[in-house]
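So the structure is just underneath, and the comments pick up after that.
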Amino acid sequence: MNNTDDTEKKLFKIKEFASIFGLTVKALKVYEQDNIFFPAYIDKNTGYRYYTSDQMYELSYILSLKSLNYTHKEIHDFLKNKFTLMDKYNNLLEQKKTLDLMLDIYDVYLNKNINQVKIKEIDEHYAFNYTCIVSNIDDAIKVFSQFNNLIISKGLNLKKGIRAYAVFHDEEIKFQDINMSFRSIIEKPKKINNEIIKVLKQKVISVIHYGSYETIYETYEVLYSYAKNNDIEIIGDAMEFYLSSSYAHNISNSFITEVCIPINIK
């Protein structure tokens, strides 16, 4: 090593530097591999990694981000000013909504806890949309499978999580000649066309339906009664979010659907 100002500072070997923070050598090497924290000096002859006391603040800062549940990619982007605290907040909020929904689903499976009405918001999103009239529910399931294949063929970037749903445009519940749209939520597209629509944020009343689709009208009755009894105005088409595989409908009574109806609370 040359006699420079940098080398005159105390240098820590990787094991020593890691132990100061209660880390392993492997952890520091992973940080280096993921481009978020690097040694101050690597000996060309031995390959030994060295760190300086000046880097303690930098590593402490990175560890504080990890304590806030930042991924390594998020830390990298944050340090490059490509990711903000608000970005992380929004990511965590999205995760929370997904977890809340998953807890509702498990609650149904474990306790058969149904017909509990919730008021919630469906976030603004972009969706690949296919509108059609189906003759009956069995045909709707077939079209939905074709719809999934169509999404794959389009090469669309789907949002993570449970994102497939249908919208029913008829003014009343129908089991024949149903006017409906199949939708799947996607990442923000470069442009909007006839197939891709922007759906605005909307407040809904929601109930998890557990069981055969043949009894889903009971769930709708619960929602309409709740709206009437609580002076809530219904302002849009009903939506059904399919939270378990459509194949479950054919083989068991464990089909789970979240039924949502857009509302305006007076």
Side-chain angles (χ1 to χ4, degrees), residues 90 93-94 96-98 100-101 104-105 108 114-137 139-141 143-144 147-148 150-151 156 158-159 161-189 192-210 213-244 246 255-266:
N90 289 332
L93 192 61
E94 184 69 21
K96 180 181 182 299
K97 291 177 181 178
T98 300
D100 286 343
L101 180 57
D104 286 342
I105 294 171
V108 169
I114 59 175
N115 293 340
Q116 286 195 351
V117 180
K118 291 187 176 183
I119 297 177
K120 60 185 287 186
E121 277 191 341
I122 295 177
D123 291 336
E124 177 180 293
H125 60 271
Y126 294 89
F128 179 71
N129 181 81
Y130 177 74
T131 300
C132 61
I133 295 178
V134 297
S135 57
N136 52 50
I137 296 302
D139 280 350
I141 294 174
V143 174
F144 189 67
F147 173 74
N148 288 333
L150 183 60
I151 292 172
L156 297 170
L158 302 180
K159 278 266 193 176
I162 304 168
R163 300 295 177 184
Y165 69 102
V167 182
F168 295 84
H169 305 298
D170 296 306
E171 293 184 1
E172 58 184 17
I173 301 173
K174 294 178 65 177
F175 290 91
Q176 291 184 330
D177 298 327
I178 309 164
N179 184 8
M180 63 186 301
S181 295
F182 297 96
R183 293 178 183 172
S184 193
I185 301 177
I186 62 174
E187 298 287 352
K188 185 176 180 179
I192 297 177
N193 53 38
N194 292 334
E195 294 180 325
I196 298 175
I197 62 173
K198 182 178 182 179
V199 181
L200 299 178
K201 179 186 292 188
Q202 52 192 320
K203 189 163 288 187
V204 301
I205 47 176
S206 163
V207 163
I208 301 289
H209 172 74
Y210 179 87
Y213 199 89
E214 295 173 357
T215 61
I216 201 167
Y217 68 91
E218 297 173 359
T219 298
Y220 279 95
E221 289 176 353
V222 169
L223 286 170
Y224 286 125
S225 295
Y226 181 89
K228 181 178 180 181
N229 295 336
N230 291 277
D231 196 26
I232 295 175
E233 180 185 8
I234 293 175
I235 60 171
D237 295 333
M239 294 170 283
E240 295 179 4
F241 289 80
Y242 303 114
L243 310 182
S244 57
S246 59
F255 195 56
I256 294 183
T257 306
E258 182 184 21
V259 181
C260 298
I261 300 178
I263 59 169
N264 177 38
I265 299 179
K266 300 178 181 178

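Computation of the quantities below employed the complete heavy-atom set of this structure, encompassing side-chain atoms and omitting hydrogens, waters and symmetry-equivalent molecules. Because the structure is a prediction, the values reported are computed rather than measured.
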Does a side-chain heavy-atom distance below 4.5 Å link [X] with [Y]?
| X | Y | answer |
| --- | --- | --- |
| Y130 | V143 | yes |
| H125 | R183 | no |
| I122 | Y165 | no |
| T215 | H209 | yes |
| F128 | L158 | no |
| I119 | K203 | yes |

Could you grab the distance from atom [atom1] of [X] to atom [atom2] of [Y], nearest 0.5 Å is fine?
| X | Y | atom1 | atom2 | result |
| --- | --- | --- | --- | --- |
| I263 | E233 | CD1 | CD | 10.0 Å |
| I232 | I205 | CD1 | CD1 | 6.0 Å |
| I208 | D104 | CD1 | CG | 5.5 Å |
| I185 | N129 | CD1 | CG | 12.0 Å |
| D170 | I133 | CG | CD1 | 8.0 Å |

Practice task
Report the residue from F241, Y210, Y242 that forms a side chain to side chain contact (heavy atoms under 4.5 Å, CB included) with I256.
Solution key: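 Output: one option passes, namely Y210.
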
Practice task
Begin from the C-alpha positions of D123 and E94 and carry the test side chain to side chain contact (heavy atoms under 4.5 Å, CB included) through to its verdict.
Solution key: CA-CA 9 Å; D123 291 336; E94 184 69 21; 3.8 Å; yes

Handout entry: Polar contact flag, side-chain donor to acceptor under 3.5 angstrom, E258-S206
Key =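 Short answer, yes.
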
Listing, residues 173-182 side-chain donor-acceptor contacts under 3.5 Å, not counting sequence neighbours, or none:
residue, atom, partner, partner atom, Å
K174, NZ, D177, O, 3.1
S181, OG, T131, OG1, 2.6
S181, OG, H169, NE2, 2.6

Handout entry: Atom of V117, atom of L223 and distance for their closest heavy-atom approach
Key =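 In terms of heavy atoms, the two residues are closest at CG1-CD2, 4.2 Å.
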
Practice task
Decide side chain to side chain contact (heavy atoms under 4.5 Å, CB included) for I261 and Y220; before the verdict, give the C-alpha distance in whole Å, the side-chain angles of both, and the deciding distance to 0.1 Å.
Solution key: CA-CA 9 Å; I261 300 178; Y220 279 95; 4.3 Å; yes

Practice task
Please report the C-alpha distance between K120 and D100 in whole Å, then the side-chain angles of each, then the deciding distance to 0.1 Å, and finally whether the salt bridge (charged side-chain N to carboxylate O under 4.0 Å, His left out) criterion is met.
Solution key: CA-CA 11 Å; K120 60 185 287 186; D100 286 343; over 6 Å; no

Exercise for the section: Would you indicate whether E171, at its atom CD, is surrounded by more than 12 heavy atoms from other residues, nucleotides or ligands within a distance under 6.0 Å? Expected result: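 Result for CD/E171: open.
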
Could you give the side-chain donor-acceptor pairs of residues 194-201 under 3.5 Å, partners two or more places apart or in another chain?
residue, atom, partner, partner atom, Å
E195, OE1, K154, NZ, 3.2
E195, OE2, K154, NZ, 3.2

